[in-house]
Amino acid sequence: MTDGMPVIGGVSVGGLFARLGDWKEQLEFVVETVREMSAQTDPQEMVRTYGLRMQTLMPSEGYLSLSRRDLDTPLLRVTRSNRWEDPVDPWKHRDRLPVLEGGLLSRLIYGGLPVVIDDLPAELAEDDPAADYLRGFGSMAAIPLYDHGVSRNMVVLLRERKDAFEREHLAEHTWMANLFGRATHNLVLSEEVRRAYDRVDRELKVVADIQRSLLPTTLPSIPTLELAADYQTSTRAGGDYYDFFKLADGRWGFLIADVSGHGTPAAVIMAVTHSIAHMINDPPDPPSKLLTHVNKHLSARYTNGSGTFVTALYGIYDPATHGLTWSSAGHPSARLVRNGIVGAIDGVHMLPLGIDAEEEYVDSEYQLELGDTLVLYTDGITEARSPGGDMFGEARLDTAAAAGGNARQTVGSILGDLERFRAGRILADDRTLLVARVVEDGCEESGGGI
């Protein structure tokens with residue numbers, strides 16, 4: 001301790017603050033200063049506020065701020081001067097800042113050490129590039145601001161009389177100026193990060209809007225089938241996908257798919273999958289034909305060697321017979337609710353799409369009955385976790401599905417149980433739920449789309 005003030009690195013903090021009075025006045029000044037600085041979001045305003053307060057501790061008749069960032073020796077940029085009638089914001093109008101070459105200020109900032117000049121006119125050459133900024137002052141204190149150990153910026157304090165700066169306070173000047181410089185630098189970085197995040201977020205929103213435009217806005221009206229669906233991504237955009245295809249003889253195809261991973265990369269592959277599925281020349285019938293078509297194109301051009309794949313289940317429903325033909329590319333089995341009992345509709349499961357271009361998909365058949373409820377989903381449903389880390393799983397899915405009634409109620413029952421199970425835990429994966437209930441023709445309407 002020195003004069004009742006703490007010592008940091010052998011330097012008394014009380015030297016400059018002593019002119020404020022007793023410790024209570026000093027503490028009040030410090031608290032007000034740091035509070036005001038912490039409330040700033042604009043670095044230009046932060047510098048202005050700090051400069052006004054530091055005039056109380058380090059009075060001077062003139063000042064300069066210098067920068068050598070992105071410049072080579074002996075160039076430097078003047079970023080602030082008390083002689084400017086119109087202050088320039090160096091973060092917004094860098095092009096308006098004067099660049100000087102050589103001279104006294106260049107030697108100081110590239111020298112990288114704090115310096116006091118007692119007789120400035122004696123050190124200043126007539127043709128010095130900074131003469132217009134320094135004339136009329138008798139003494140100078142130059143304080144470097146370090147970044148990664150290098151003097152990137154410098155604060156220059158100017159007094160009209162000679163021998164105006166006390167060298168015993170130079171260490172305190174350097175210490176305080178660098179602390180403030182780091183605070184300003186961090187504020188600038190945080191603003192740059194925020195602006196970058198906003199740009200990315202806007203772009204992701206566009207991606208998400210494009211992706212959702214590829215999904216059904218409303219569910220089709222299919223005779224003897226009541227539909228309901230729910231779709232939610234874990235981030236702005238995701239890799240889940242579902243679709244419907246109107247076929248000959250009144251039959252309907254329905255596709256549900258899940259790209260590995262999530263976020264923007266998965267959304268891109270999801271869009272590619274949608275495009276390929278709609279490029280097939282012939283009707284996508286039987287289901288294996290569509291999956292084989294998509295797989296060949298994905299594997300050959302988009303996922304080869306990337307480790308990305310797509311699970312998919314494509315089924316074709318015949319409203320006249322309630323017959324279901326389907327083909328699976330590594331996708332979770334559809335769940336069937338019949339008379340309150342829930343189980344999987346088993347069939348042949350082949351490789352996910354995008355792994356092997358030569359994979360040939362096969363079809364399976366199942367006869368649905370009046371009152372049957374078919375539940376199609378992506379693994380974002382069953383692999384959702386509780387705060388304790390447990391997975392929702394197929395058993396909970398089946399219980400919730402059995403408790404539902406019509407298609408909308410079944411979706412509501414499953415999602416309600418899922419939300420209670422998650423208890424606020426953030427979604428780790430996209431989730432899609434598609435429920436189809438076999439009904440008498442025209443007795444019930446389908447639920448809404450996404």
Side-chain angles (χ1 to χ4, degrees), residues 220 222-227 229 240-260 273 276-277 280 282-299 309-339 341-379 381-382 393-395 397-398 401-402 407 410 432-439:
I222 301 177
T224 73
L225 205 63
E226 176 197 37
L227 298 172
D240 281 7
Y241 166 48
Y242 72 98
D243 209 343
F244 295 90
F245 300 85
K246 189 174 183 179
L247 305 175
D249 303 324
R251 292 174 303 141
W252 280 85
F254 50 89
L255 174 68
I256 185 168
D258 181 4
V259 181
S260 59
T273 302
I276 295 173
I280 189 168
D282 301 321
D285 183 15
S288 58
K289 180 179 180 179
L290 176 65
L291 295 189
T292 300
H293 167 80
V294 174
N295 177 62
K296 286 184 181 299
H297 287 276
L298 270 181
S299 300
F309 58 86
V310 181
T311 69
L313 188 153
Y314 177 50
I316 293 179
Y317 175 72
D318 187 340
T321 65
H322 301 166
L324 175 67
T325 304
W326 59 279
S327 185
S328 174
H331 198 80
S333 298
R335 314 302 291 179
L336 177 69
V337 184
R338 175 176 289 176
N339 299 323
I341 300 174
V342 186
I345 296 183
D346 291 325
V348 180
H349 290 267
M350 308 297 287
L351 285 176
L353 308 174
I355 296 178
D356 182 1
E358 301 304 318
E359 183 81 343
E360 293 291 338
Y361 294 88
V362 299
D363 298 301
S364 301
E365 295 184 354
Y366 195 86
Q367 183 61 46
L368 296 175
E369 299 177 0
L370 190 65
D372 284 351
T373 298
L374 199 63
V375 178
L376 307 177
Y377 63 96
T378 58
D379 60 14
I381 299 282
T382 51
E394 287 183 351
L397 172 65
D398 290 349
T410 301
T432 300
L433 184 62
L434 178 60
V435 174
R437 181 167 178 257
V438 181
V439 296

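Numbers here are sequence positions counted from 1. All heavy atoms count here, side chains included; hydrogens, waters and symmetry mates do not.
- Scanning all heavy atoms of the two residues, the minimum distance from A334 to L313 falls at N-CD1, 4.2 Å.
- Remark: side-chain polar atoms of H293 are paired, donor with acceptor, to backbone N or O of I276 under 3.5 angstrom.
- By the 6.0 Å contact criterion, CD on Q367 is enclosed, its count of non-hydrogen atoms from other residues, nucleotides or ligands being greater than 12.
- Aromatic rings of Y361 and Y314 (six-membered ring for Trp) have centroids beyond the 6.0 Å cut-off, not under it.
- Listed for the H297 side chain is no donor-acceptor partner under 3.5 Å among the backbone atoms of T273.
- Residues that satisfy the side-chain contact (heavy atoms from CB on, under 4.5 Å) test with I355, not counting sequence neighbours, are F309, L351, P352.
- Looking only at atom types and distance, the side chain of D240 has a donor-acceptor partner in the side chain of T432 under 3.5 Å away.
- Between atom CD of residue E365 and atom OG1 of residue T325 there is a gap of 4.5 Å, rounded to the nearest 0.5 Å.
- Shortest non-hydrogen contact noted between L227 and A407 is C-CB, 3.9 Å.
- Remark: D398 pairs with R335, V342 by the side-chain contact (heavy atoms from CB on, under 4.5 Å) rule, at least two apart or across chains.
- Rounding to the nearest 0.5 Å gives a distance of 5.5 Å between CZ of F245 and CG of L255.
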Q | side chain to side chain contact (heavy atoms under 4.5 Å, CB included) between N295 and M350, intermediate numbers included | A | CA-CA 11 Å; N295 177 62; M350 308 297 287; over 6 Å; no
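- The side-chain contact (heavy atoms from CB on, under 4.5 Å) test applied to A401 returns V337, V375, T410, I414, not counting sequence neighbours.
- Between atom CD1 of residue I316 and atom CG of residue D285 there is a gap of 4.0 Å, rounded to the nearest 0.5 Å.
- Listed here is the closest heavy atom pair of H331 and Y377: NE2-O, 2.8 Å.
- Residues E394 and S333 fail the side-chain proximity criterion, which asks for heavy atoms closer than 4.5 Å.
- With values rounded to the nearest 0.5 angstrom, D243 atom CG is found 12.5 Å from F254 atom CZ.
- Among all heavy-atom pairs drawn from P319 and P223, the shortest one is CB-O, 3.3 Å.
- Side-chain contact of S288 with D363: a donor-acceptor pair under 3.5 Å is present, judged by distance alone.
- In terms of heavy atoms, L291 sits closest to A312 at CD2-CB, 4.1 Å.
- The structure places CG of D282 at 11.5 Å from CG of L290, a figure rounded to the nearest 0.5 Å.
- A 4.5 Å side-chain heavy-atom check between L376 and Y242 finds every atom pair outside the cut-off.
- T311 places no side-chain N or O within donor-acceptor distance of the main-chain N or O of G330, the cut-off being under 3.5 Å.
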Q | Candidate pair L374 and L324, rule side chain to side chain contact (heavy atoms under 4.5 Å, CB included), full reasoning | A | CA-CA 11 Å; L374 199 63; L324 175 67; 4.0 Å; yes
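- Between the side chains of Y317 and T224, at least one donor N or O sits under 3.5 Å from an acceptor N or O.
- Once rounded to the nearest 0.5 Å, the distance linking CG of D318 with CZ of R251 reads 6.5 Å.
- The shortest side-chain heavy-atom distance between W326 and S328 falls under the 4.5 Å cut-off.
- Side-chain N or O atoms of S327 include one that pairs as donor or acceptor with a backbone N or O of V362 at under 3.5 Å.
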